[in-house]
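Below: the structure, in structure tokens.
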Amino acid sequence: MSMGVCVRMYFYDTRVPGPTGYWSDDTFGDRARWIDLPTSALHVSDIESRDRAIYRCRVDFQVSPTRNYRIALDVIGKS
């Protein structure tokens, strides 16, 4: 994946109850999981050089405006 490409690879929506609120493509496979507490985060284990990319984080709120972030992940020292 190039650093100029931003893809949707994991989806979590707290407004949708149950397992339909989660979605993941094969980018991280079973290496990614959502952690709710104490603060929400996407935990990715076993990072590899092929994971280097710009990832987009979109946060939808029930009342507040949606927020969008781009996170550049650089992998150093692991091939």
Side-chain angles (χ1 to χ4, degrees):
M1 190 178 311
S2 97
M3 285 295 283
V5 176
C6 186
V7 297
R8 181 178 184 183
M9 39 56 78
Y10 195 92
F11 171 82
Y12 174 64
D13 189 343
T14 59
R15 301 170 300 171
V16 179
T20 57
Y22 294 86
W23 175 85
S24 180
D25 74 357
D26 292 331
T27 301
F28 293 130
D30 61 355
R31 298 181 297 140
R33 65 184 173 94
W34 191 258
I35 300 173
D36 287 329
L37 301 171
T39 59
S40 296
L42 179 64
H43 180 265
V44 182
S45 59
D46 300 322
I47 294 292
E48 301 172 1
S49 60
R50 65 184 172 100
D51 296 326
R52 179 182 181 265
I54 297 173
Y55 295 96
R56 178 175 168 248
C57 176
R58 174 179 163 166
V59 183
D60 295 310
F61 300 97
Q62 290 186 7
V63 178
S64 299
T66 296
R67 293 187 186 174
N68 288 281
Y69 303 93
R70 289 182 184 230
I71 296 99
L73 174 63
D74 282 325
V75 180
I76 301 170
K78 191 168 184 176
S79 57

* Val75 side chain reached by Glu48 side chain, heavy atoms, under 4.5 Å -> no
* Asked: Should we say atom CG of Asp26 is surrounded by more than 12 heavy atoms from elsewhere, each under 6.0 Å from it?
  -> no
* Asked: Taking side chain as C-beta onward, heavy atoms only, is Leu73 less than 4.5 Å from Asp51?
  -> yes
* Any side-chain heavy atom of Arg31 sitting closer than 4.5 Å to one from His43? -> no
* **Residues which pass side chain to side chain contact (heavy atoms under 4.5 Å, CB included) with Ala32, listed by chain and number, not counting sequence neighbours** => Tyr10, Phe28, Leu42, Val44
* To the nearest 0.5 Å, how far apart are CZ in Arg70 and SG in Cys57? -> 12.0 Å
* **Under the side chain to side chain contact (heavy atoms under 4.5 Å, CB included) test, residues paired with Ser64 that sit two or more places apart** => Phe61
* Asked: Between Asp74 and Arg52, does at least one N-O distance fall below 4.0 Å, as a salt bridge requires?
  -> yes
* Asked: What is the distance from atom CD1 of Ile47 to atom CD1 of Ile76, rounded to the nearest 0.5 Å?
  -> 12.5 Å
